[in-house]
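Presented below is the structure to which this report refers.
If you read the sequence from its start, that first residue is 1, and numbering goes on from there.
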Amino acid sequence: MKRFKSARQVQLFLSIHDPIANLFHLRRDHRPVADYRTARAQAFETWAEVAGARLAA
């Protein structure tokens, strides 16, 4: 529980972190590089929509 004051804080962090981490966890060894880049770009677009942030060009 490094840097967390309670188990509740850890659980809250992980409940938020896990879905976001899964969005960006792409297994590169299972797809061609062109497909990987497309999926990665889609993940960043989805994150920008969810977070309400615009990515730098």
Side-chain angles (χ1 to χ4, degrees):
M1 288 187 10
K2 292 182 179 180
R3 300 184 186 183
F4 292 101
K5 295 181 181 179
S6 69
R8 185 172 186 264
Q9 285 183 335
V10 174
Q11 186 60 43
L12 180 62
F13 172 78
L14 292 176
S15 69
I16 296 168
H17 180 268
D18 195 41
I20 295 169
N22 287 338
L23 178 65
F24 288 99
H25 183 72
L26 304 171
R27 301 265 325 246
R28 190 167 174 209
D29 58 330
H30 288 221
R31 62 181 73 196
V33 70
D35 293 345
Y36 175 78
R37 289 180 181 148
T38 302
R40 185 81 172 165
Q42 180 61 41
F44 276 109
E45 288 175 18
T46 302
W47 173 247
E49 287 176 17
V50 170
R54 300 195 79 187
L55 298 175

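Looking at every heavy atom in both residues, Q9 comes nearest to K5 through OE1-N, 2.8 Å.
Listed by chain and residue number, S15, I16 satisfy the side chain to side chain contact (heavy atoms under 4.5 Å, CB included) test with L12 (two or more places apart in sequence, or in another chain). In this view, F13 and F4, H17 satisfy the side chain to side chain contact (heavy atoms under 4.5 Å, CB included) rule, not counting sequence neighbours. With sequence neighbours excluded, the residues satisfying side chain to side chain contact (heavy atoms under 4.5 Å, CB included) with R37 are V33.
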